[in-house]
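Below, chains carry the letters A, B, ... as their sequence lines are ordered, and counting in each starts from 1.
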Number of protein chains: 2
Amino acid sequence: MSAYGRALHALADETRRSVFERLRTGPRPVGELAKDLPVSRPAVSQHLRVLREAKLVRERREGNRRLYSIDPEGLLTLREYLDGYWGEVLAAFKSAAEREAKGYGDDERE
Amino acid sequence: MSAYGRALHALADETRRSVFERLRTGPRPVGELAKDLPVSRPAVSQHLRVLREAKLVRERREGNRRLYSIDPEGLLTLREYLDGYWGEVLAAFKSAAEREAKGYGDDERE
DNA sequence: ATAGACGGTAAGTGATAACTTACTGTAAGT
DNA sequence: ACTTACAGTAAGTTATCACTTACCGTCTAT
């Protein structure tokens, strides 16, 4: 699966977004993250793994605990994916808006 | 569910992204979209509904066919969501990177 | 060394969601 | 009017995925 695919899938889940958003203010250990969430600690661990594989989150051992923090790489990947669309969409949207009445593409018959 | 939640969920699916990407070059009818996809036409219809509810896609009737095109609103929503993070993340990441060695937050003991 | 905290992993369960085929509706063509 | 093309909807199936409890490893402290 693509990098942005993993990131999109990771952030598609509500609970996972909650975990992710609790990292906005800075690094947190797992127990801290699970404390005020409606799911169990193992569930949070599993979500963190998905987020980590999507490069949205980093883990760092500190003694007994593991501090999770936001990894900018995943966000950057997502941003680039969207920006890639943005230019094309604006162009295609503009130029195709009035042309869509007839043929529906640039590379199609008519 | 939030607007960006719907958009993230819609784009999390591989097949749905394929449909979405086929609209990059301009509007297409459903049959045209389904033609070179590994799933049935009704499946594509169902995906289009999800994309439409996420405001990622628009539908426009033209005679017998329905032309689908990209709706910039969903992309914009997503962009704003990410940008909301972006500023915070860069700031928090920078300032918290070296501080994470001790207390793990801004509002915590230690 | 034993105990207690922290947290990842395994295995199983239930709900969701992506697919299929069958059906319905509508617009255009003959 | 009848047929054909286009596409949304219904119903049912299967696979995925988020969750649970139970278990295991590791680090710190006593």
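The nearest whole Å value for the distance from the CG atom in A:L8 to the P atom in D:dC17 is 14 Å. Atom pair B:R65:CZ and D:dT4:C1' shows a separation of 16 Å (rounding to whole Å applied). To the nearest angstrom, C1' of C:dC6 lies 13 Å from CG of A:L33. When the P atom of C:dC6 is taken as reference, atom CG of A:L48 falls 16 Å away, rounded to whole Å. Rounded to an integer number of Å, the gap from B:E32 CD to D:dC6 P is 10 Å. Rounding to whole angstrom units, CD of residue A:E14 and P of C:dA15 are separated by 19 Å. Taking atom CG on B:L11 and atom P on C:dA18, their separation rounds to 12 Å, with Å as the unit. Spacing between atom CZ of B:R61 and atom C1' of C:dA27 amounts to 12 Å, rounded to whole angstrom units.
Considering only the side chain of A:H47, D:dC19 comes nearest among C:dA18, C:dG7, D:dC19. Relative to the side chain of A:S40, the nucleotides D:dG8, D:dT21, C:dT20 differ in distance, and D:dT21 lies closest. Here C:dG7 is the nucleotide among C:dG7, D:dT20, D:dC6 with the atom lying nearest to any side-chain atom of A:R66. Here the nucleotide nearest the side chain of A:Q46, chosen from C:dA10, D:dC17, D:dT9, is C:dA10. Nearest nucleotide to the side chain of B:S45, out of C:dC19, D:dT9, C:dT9: D:dT9. For B:P42, counting side-chain heavy atoms from C-beta on, the closest listed nucleotide (D:dC19, D:dT9, C:dG7) is D:dT9. Taking every side-chain heavy atom of B:D13 into account, C:dC19 is the closest of C:dC19, C:dC6, D:dC19. Here D:dG8 is the nucleotide among D:dG8, C:dG7, C:dT20 with the atom lying nearest to any side-chain atom of B:Y68.
Side-chain contact between B:R28 and B:R22: absent, with no pair of heavy atoms (C-beta onward) separated by less than 4.5 Å. B:L56 places none of its side-chain heavy atoms less than 4.5 Å from the side chain of B:R16. B:H47 is not listed as a side-chain neighbour of B:L33, based on a closest heavy-atom distance of 4.5 Å or more.
Judged by closest nucleotide on DNA chain C, B:V50 is the one of B:R41 and B:V50 placed further toward the 5' end.
Side chain B:N64 to base C:dA28: no donor-acceptor pair is found below 3.5 Å.
A salt bridge links A:E14 to A:R17: at least one charged side-chain nitrogen sits closer than 4.0 Å to a carboxylate oxygen. A salt bridge links B:D83 with A:R79: at least one charged nitrogen is closer than 4.0 Å to a carboxylate oxygen.
Within the 4.0 angstrom heavy-atom criterion, only backbone atoms of the sugar-phosphate kind lie near A:R16; the bases stay farther away.
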